Amino acid sequence: MTEPLVTLPTSDAEWRARLSPDEFRVLRLAGTEAAFSGEYVNTKTEGTYHCRACGAQLFDSDTKFDSHCGWPSFDDAIPGTVREIEDRSHGMVRTEIRCARCDSHLGHVFRGERMTAKNTRHCVNSLSIKLEPKTD
């Protein structure tokens with residue numbers, strides 16, 4: 001069953017009321033969960049991953065792969081669901097990924113690592129996503 005899209009909060013107070021403190025830190029403040037601590041790092045369940053903040057579909061499980069980096073990794077997002085922005089924090093230049101619907105932080109995307117045929121790794125915080133298992 002697809003989780004419905006929810007009305008988006010318009011203030012930090014509304015987001016804080018909806019999300020746990022850890023979810024708020026990651027999704028709204030661009031934090032990162034500790035490596036290998038997230039619930040979806042080793043998940044093999046088929047289904048669709050949704051934005052934990054707004055319910056938008058983001059990634060299909062058939063694009064998930066074992067990158068051994070400590071966070072769930074996907075070699076592709078559902079078209080139009082993720083936007084990329086330059087991130088120059090922590091003395092690095094990276095590409096941050098955010099939910100295109102609610103602008104919540106998901107993680108970062110890396111290219112050129114030769115881990116998949118698409119040569120792309122969307123490195124996503126488990127706290128940013130929620131799996132809707134496939135039903136037959």
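Just so it is clear, the structure is predicted and the values come from calculations on it, not from any experiment.
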Please identify each residue that fulfils ring pair (Phe, Tyr, Trp, His ring centres under 6.0 Å) with Tyr40, with sequence neighbours left out.
Tyr49

State, without any angle test, whether Ser20 and Asp22 hold a side-chain donor-acceptor pair at a distance under 3.5 Å.
no

Is there a donor-acceptor contact under 3.5 Å from the side chain of Asp60 to the main chain of Asp62?
no

Closest contact, heavy atoms only, Ser128 versus His105:
OG-O, 2.9 Å

Carboxylate-amine/guanidinium contact Arg98 Glu96, below 4.0 Å:
yes

Between Arg52 and Glu33 (salt bridge meaning N to carboxylate O under 4.0 Å), is one present in this structure?
no

Heavy-atom closest pair, residues Thr63 and Asp76:
OG1-O, 3.2 Å

Please check this pair: side chain of Trp15 against backbone of Leu8, looking for a donor-acceptor N/O pair closer than 3.5 Å.
no

I'd like to check Phe59 versus His122 (side-chain heavy atoms, cut-off strictly below 4.5 Å). Are they in contact?
yes

Ignoring hydrogens, what is the shortest heavy-atom contact between Gly80 and Ala100? Give both atom names and the distance.
O-CB, 3.5 Å

Which heavy atom of Asn125 sits nearest a heavy atom of Gly107, and at what distance?
ND2-CA, 4.0 Å

Pairing of Glu23 and Arg25 as salt bridge, 4.0 angstrom limit
no

Pairing of Lys64 and Asp75 as salt bridge, 4.0 angstrom limit:
no

Over all atoms of both residues, closest heavy-atom pair of His50 and Gly55
ND1-O, 2.9 Å

Take Thr43 and Glu39 through the test side-chain hydrogen bond (donor to acceptor under 3.5 Å, both in side chains) and record every step on the way to the result.
CA-CA 8 Å; Thr43 300; Glu39 68 180 301; over 6 Å; no

